[in-house]
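First the structure, in the form of structure tokens, and then the observations on it.
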Protein chains: 2
Amino acid sequence: MTVSKAAEKSSEKPADTAKGRKDAAEAQPEALQLGELSEQLGYVLKRAQLKVFENFLRCMASLQLTPAQFSVLLLVEKNPGRNQTEIASTLGILRPNFVAMLDNLESRDLCARIRSTNDRRSHILVLTDKGKAVLARAKKLVATKHEARLNDLLGQANREALLAMLSKIASEF
Amino acid sequence: MTVSKAAEKSSEKPADTAKGRKDAAEAQPEALQLGELSEQLGYVLKRAQLKVFENFLRCMASLQLTPAQFSVLLLVEKNPGRNQTEIASTLGILRPNFVAMLDNLESRDLCARIRSTNDRRSHILVLTDKGKAVLARAKKLVATKHEARLNDLLGQANREALLAMLSKIASEF
DNA sequence: GATAATTGTTATGGACCATATCAAATATCG
DNA sequence: CGATATTTGATATGGTCCATAACAATTATC
């Protein structure tokens, strides 16, 4: 598959009109044939995912939250009192890689590590007041600017069907 | 969102049965609440994408083809005589990053760079005989082991609907 | 024919992902 | 109890992918 973010340059190709193919028998303008590629689930899935993340980042520009950071805040809010290992593994983040991520969120005073009194090895994670406030604003931005756009594009019913199918793939494929 | 590949460890959580919560009032077993995360398109999309790529790699293990490499071979076959810039940009690959990729495919004798006689700057890309043969086998593997599984999981109609929605997101979001 | 643009390439840095390893704390079991 | 194993957070490190700048060779433009 492939699909990076930087294919935004030569996207608008001239159609096969008089202006597109210029005079009469000039070299083909461009516009490659995707062929079976457009039927490959992985290819289309990846392209869609990149677009969605891209849009997410634009919507969150004012809060400077990446999709990964947003998911951490959401999960910590929903599951207060859990430690790093539990939060990280639920999100599919490896513990070593979670450290720098938390360092970042903690340095921005969005969440805090608290030494557990039960098990003094582990750090309990909680949202700070600022973290709760930022997350609340983030949720609104996502709902109004991000997810709402999906509804406009696909319709409510289709959007739910899409989510259901993706969940099925994520859990049963 | 987040979602890496390494969340395959503590996935099977015991349900909240007698065996799940053990005796009576013991510490909560585990099983975090995903909450709104499972409604976030980006999160589910990424998880699904990782699963699909993972399965793709397993299906292609005998041919040692990554999704990106497969997409290159497909596109070169469908569009013979195009140069590196055209193939790369169509796939969303930046030209500098495409060089090593082609070096790899060329070293395995799957495709070849040919200096264009029209424009001696550019390299025309073609599949070798071996490349055509490998691609043919790859297509069969993908169709029978990879895409077929999607049909089993979602059904033909749903699979097509999914592809259509993802294509719409990829192109219009 | 001088200048600008394009093609493939190299070098380089960043982001993300994965493994091995460690010290501190806890669990396990003789 | 005490030796050993396990768990937790952390560091170091390497790999892959993505992105930008810069370059030589070639071609286009004026």
Side-chain angles (χ1 to χ4, degrees), chain A residues 1-10 26-27 30 42 46-47 49-51 53-54 57 64-69 71-72 81-106 111-125, chain B residues 1-10 26-27 30 42 46-47 49-50 53-54 57 64 66-69 71-72 81-106 111-125:
Chain A
M1 282 66 181
T2 289
V3 183
S4 84
K5 289 179 191 171
E8 314 299 320
K9 180 184 154 194
S10 58
E26 210 162 337
E30 303 187 37
K46 177 97 187 190
R47 281 204 103 101
Q49 185 259 313
L50 287 174
K51 275 290 187 75
F53 268 44
E54 201 180 311
L57 287 174
Q64 284 288 96
L65 282 183
T66 67
Q69 292 167 337
S71 70
V72 170
R82 299 298 191 136
N83 64 27
Q84 297 183 197
T85 296
E86 292 171 314
I87 298 291
S89 79
T90 302
L91 291 173
I93 307 175
L94 295 175
R95 269 106 55 205
N97 300 327
F98 196 46
V99 173
M101 222 179 137
L102 271 185
D103 288 348
N104 180 358
L105 293 176
E106 204 172 16
C111 75
R113 299 184 236 224
I114 305 179
R115 283 234 100 94
S116 168
T117 52
N118 304 331
D119 185 341
R120 298 190 40 242
R121 289 171 298 186
S122 57
H123 288 166
I124 295 310
L125 297 183
Chain B
M1 281 64 183
T2 290
V3 184
S4 84
K5 288 180 194 171
E8 312 300 321
K9 179 184 152 193
S10 57
E26 210 162 333
E30 304 186 36
K46 177 95 187 190
R47 281 204 100 101
Q49 184 260 315
L50 288 174
F53 269 44
E54 199 180 312
L57 286 174
Q64 285 288 96
T66 68
Q69 293 167 336
S71 70
V72 171
R82 300 298 190 138
N83 64 26
Q84 297 183 196
T85 296
E86 291 171 314
I87 298 290
S89 79
T90 302
L91 291 174
I93 306 176
L94 295 175
R95 268 106 55 204
N97 300 328
F98 196 45
V99 174
M101 222 178 136
L102 272 185
D103 288 348
N104 179 358
L105 293 176
E106 206 172 16
C111 77
R113 299 183 237 224
I114 304 179
R115 282 234 101 93
S116 168
T117 52
N118 305 330
D119 185 342
R120 298 192 38 244
R121 289 171 298 185
S122 57
H123 288 166
I124 295 310
L125 297 183

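Here is the naming used below: chain letters follow the sequence lines, and residue numbers restart at 1 for every chain.
Side-chain proximity of B:Arg113 to C:dT9, C:dA20, D:dC18: nearest is C:dT9. With C:dT19, D:dA19, C:dG8 as the choices, the nucleotide that has an atom nearest any side-chain atom of A:Leu94 turns out to be C:dT19. In the set C:dC17, C:dG8, D:dC18, C:dC17 carries the atom at the smallest distance from any side-chain atom of A:Asn97. The listed nucleotides are D:dT11, C:dT7, C:dA18; the one nearest the side chain of B:Asn83 is C:dT7.
With rounding to the nearest 0.5 angstrom, the CG atom of A:Asn83 is 8.0 Å from the OG atom of A:Ser116. Between the NE2 atom of A:His123 and the CZ atom of A:Phe98 there is a distance of 12.5 Å, given to the nearest 0.5 Å.
Remark: B:Asn104 pairs with no residue by the side-chain hydrogen bond (donor to acceptor under 3.5 Å, both in side chains) rule, at least two apart or across chains. Residues meeting the side-chain hydrogen bond (donor to acceptor under 3.5 Å, both in side chains) test with A:Asn97, sequence neighbours left out: none. B:Asp103 pairs by the side-chain hydrogen bond (donor to acceptor under 3.5 Å, both in side chains) definition with B:Arg113, not counting sequence neighbours. Judged as a salt bridge (Lys or Arg N to Asp or Glu O under 4.0 Å), and not counting sequence neighbours, A:Arg120 has no contacts.
Distances shorter than 4.0 Å separate none of the side-chain N or O atoms of A:Ser122 from OP1 or OP2 on C:dA25.
One atom, NZ of A:Lys46, and another, C1' of C:dC16, lie 11 Å apart when rounded to the nearest Å. Between A:Leu50 atom CG and C:dA15 atom P there is a gap of 17 Å when expressed in whole angstrom units. In this entry the distance linking CE of B:Met101 with C1' of D:dC18 reads 13 Å, nearest Å. In this structure, the CZ atom of A:Phe98 is 15 Å from the P atom of C:dA18, given to the nearest Å. The CG atom of B:Leu57 sits 12 Å away from the P atom of C:dA18 (whole-angstrom rounding). A straight line from CD1 of B:Ile93 to C1' of C:dT9 spans 16 Å, rounded to a whole angstrom. Straight-line distance from the CD atom of B:Gln84 to the C1' atom of C:dT10: 13 Å, rounded to whole Å. If you measure from atom CZ of B:Phe53 to atom P of D:dT16, you get 16 Å, rounded to the nearest angstrom.
In this structure, A:Gln69 and A:Met101 have side chains that are in contact, with non-hydrogen atoms separated by less than 4.5 Å.
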Atom pairs, N/O to N/O, protein against nucleotides 26-30 of chain D, distance under 3.5 Å?
residue, atom, partner, partner atom, Å
D:dT26, OP1, B:Arg120, NH2, 3.3
D:dT26, O2, B:Arg121, NH1, 3.3
D:dT27, OP1, B:Arg120, N, 2.9

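Each of A:Arg115 and A:Pro96 lies near DNA chain C, and the nucleotide nearest A:Pro96 is the one positioned closer to the 5' end.
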